[in-house]
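Notes follow the structure.
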Amino acid sequence: MPTELPYAADAEVSLSYDELDVLRIQYQKELTQTHVTIQTKFNYAWGLVKSPVREHQVEGVRILQDIYRGEPTRRRECLYYLALGHYKMGNFDEAKRFNALLLEKEPGNLQAQSLAQLIDKGVAREGYIGMALAGGVAAIGTIVLAGLIRRATRK
């Protein structure tokens with residue numbers, strides 16, 4: 001029996017530019033002091049991933065991947081936002097991979113379950129678009145071929 005999962009609101013809710021700017025300023029301030037704390041990196045990456053701007057999302061995922069590789073104790077908390085970032089960028093295979101790792105560690109994580117549903121919908125939507133494009137190409141090819149045959153029979 002299907003149950004409604006809490007919506008993965010992070011998929012559509014962005015920070016304001018002012019809120020993101022606060023995180024950016026803190027990150028850059030620590031960069032100039034030659035030591036950026038893991039929490040500041042995570043907070044900035046979190047804000048970037050939530051952004052509607054693709055370049056921000058790419059940078060957020062890059063920072064999260066650095067944290068994931070360099071801080072084994074922080075991996076679990078990076079997984080959801082890595083999955084979310086890849087989902088928002090349309091990298092559904094990567095999104096699915098990171099989300100599956102999180103669900104493996106936390107099978108009851110309702111937010112990750114909701115994100116899994118969004119990822120599956122994204123994959124299906126991408127498949128439908130691909131089929132529509134292939135159908136359009138086939139239709140155009142048929143029209144061109146029919147035109148060529150018609151011209152050839154007139155001569």
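Keep in mind that the numbers below use all heavy atoms, side chains included, and drop hydrogens, waters and symmetry copies. This one's a predicted model, so the numbers in the text were calculated from it and none came from an experiment.
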Separation between CG (L115) and OH (Y81), nearest 0.5 Å, reads 10.5 Å
Could you check if a side-chain atom of L23 sits within less than 4.5 angstrom of a side-chain atom of L15, using non-hydrogen atoms only? yes
pair S51-S14: side-chain heavy atoms closer than 4.5 Å: no
Nearest non-hydrogen partners of G47 and L20, listed with the distance: C-CD1, 3.6 Å
Linked, directly or transitively: L31 and L64 (ILVMFWY side chains, under 4.5 Å): yes
For the hydrophobic clusters of this structure (ILVMFWY residues joined by side-chain heavy atoms under 4.5 Å, transitively), does one cluster hold both I38 and L48? yes
About how many Å separate SG of C78 and CG of L101, when rounded to the nearest 0.5 Å? 12.0 Å
Restricting to side-chain contact (heavy atoms from CB on, under 4.5 Å), what partner residues turn up for E77, sequence neighbours left out? F42, R74
Look up atom CG in L82 and atom CG in N91, then write down how far apart they are to the nearest 0.5 Å. 11.5 Å
Please answer whether the main-chain N or O of I63 pairs with a side-chain N or O of K41 as donor and acceptor at a distance below 3.5 Å. no
Grab the two heavy atoms, one from A45 and one from G60, that are nearest each other, plus how far apart they are. CB-O, 3.5 Å
Set of side-chain contact (heavy atoms from CB on, under 4.5 Å) partners for A112, sequence neighbours left out: N99, L102, L103, N109
Which hydrophobic side chains are connected to Y17, either touching it within the sub-4.5 Å cutoff or through other members that do? V53
Given side chains that start at C-beta, do those of N43 and Y27 come closer than 4.5 Å, heavy atoms only? no
Please answer whether the main-chain N or O of Q57 pairs with a side-chain N or O of K88 as donor and acceptor at a distance below 3.5 Å. no
Can you run down the ring pair (Phe, Tyr, Trp, His ring centres under 6.0 Å) pairs that involve residues 50-72, sequence neighbours left out, and say none if there aren't any? none
Do you know the tightest heavy-atom contact between G85 and V61? CA-CG2, 3.8 Å
Could you list the residues that satisfy side-chain hydrogen bond (donor to acceptor under 3.5 Å, both in side chains) with T32, not counting sequence neighbours? none
Could you pull out all residues at least two apart from S16 that satisfy side-chain contact (heavy atoms from CB on, under 4.5 Å)? D18, E19
Cluster link I25 to V36, ILVMFWY, side chain under 4.5 Å: no
Listed partners of Q65 passing side-chain hydrogen bond (donor to acceptor under 3.5 Å, both in side chains), at least two apart: none
If the condition is side-chain hydrogen bond (donor to acceptor under 3.5 Å, both in side chains), which residues does R97 pass it with, not counting sequence neighbours? E94
Kindly determine whether H86 and F92 satisfy ring pair (Phe, Tyr, Trp, His ring centres under 6.0 Å), including the steps that lead there. CA-CA 6 Å; H86 282 291; F92 299 123; over 10 Å; no
Could you note down all residue pairs passing salt bridge (Lys or Arg N to Asp or Glu O under 4.0 Å) where residues 101-113 supplies at least one of them, sequence neighbours left out? R76-E106
According to the salt bridge (Lys or Arg N to Asp or Glu O under 4.0 Å) rule, which pairs have a member within residues 57-69, sequence neighbours left out? E59-R62, R62-D66, D66-R69
With sequence neighbours left out, the residues meeting side-chain contact (heavy atoms from CB on, under 4.5 Å) with D120 are K96
Tell me, which pairs form a salt bridge (Lys or Arg N to Asp or Glu O under 4.0 Å) where one or both residues lie in residues 24-33, sequence neighbours left out? D21-R24
